[in-house]
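Report on the following structure.
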Amino acid sequence: MELEKMENGIESIKNAANVVGELVRDTTDFTRHEERHEEDEEIGIGSRASAAKDALGDKAKERKHKKEEKGHKQAI
């Protein structure tokens, strides 16, 4: 019984760590997106198109991280 409680506690800690990890990755992606946005104001159209493509990729990653974070929170 005690071992089961300990295993559940360890699993909860792992899930909480996963939530924090997703938040860090999400924040990093958002920061990168904001940096690119600021750079876009100073560059040409070809580079802007590339930055837009990168921004879409970052947004997709952000959504993925939020979904994974939600799953980890529910597992806690």
Side-chain angles (χ1 to χ4, degrees):
M1 189 69 148
E2 192 66 32
L3 180 60
E4 185 178 330
K5 286 181 182 179
M6 184 181 280
E7 288 173 348
N8 288 339
I10 290 170
E11 194 62 33
S12 290
I13 291 169
K14 287 180 183 178
N15 286 325
N18 287 334
V19 169
V20 171
E22 292 301 332
L23 288 171
V24 168
R25 285 187 286 275
D26 185 37
T27 301
T28 302
D29 290 341
F30 178 77
T31 301
R32 239 189 336 249
H33 169 76
E34 288 299 310
E35 288 171 352
R36 283 193 194 114
H37 181 71
E38 290 173 7
E39 292 171 359
D40 285 351
E41 295 174 0
E42 302 172 7
I43 56 177
I45 190 74
S47 296
R48 286 184 185 198
S50 178
K53 179 185 139 293
D54 291 342
L56 287 174
D58 288 344
K59 192 63 174 175
K61 287 179 188 176
E62 179 184 340
R63 287 186 180 140
K64 177 185 174 219
H65 294 311
K66 286 195 182 289
K67 182 177 179 183
E68 289 175 357
E69 175 190 342
K70 184 178 179 182
H72 294 307
K73 282 182 179 179
Q74 289 176 347
I76 292 177

Please list, chain by chain and in numerical order, all residues satisfying salt bridge (Lys or Arg N to Asp or Glu O under 4.0 Å) with [X], sequence neighbours excluded.
{"X": "Lys14", "value": "none"}
{"X": "Glu11", "value": "none"}
{"X": "Lys73", "value": "Glu69"}

Separation between NZ (Lys5) and CD1 (Ile10), nearest 0.5 Å, reads 14.5 Å
Side chain proximity check, Asn15 to Asn18, heavy atoms < 4.5 angstrom: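 Answer yes - side chains close enough.
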In Arg63, Lys61, Lys67, Glu62, the residue satisfying side chain to side chain contact (heavy atoms under 4.5 Å, CB included) with His65 is Lys61
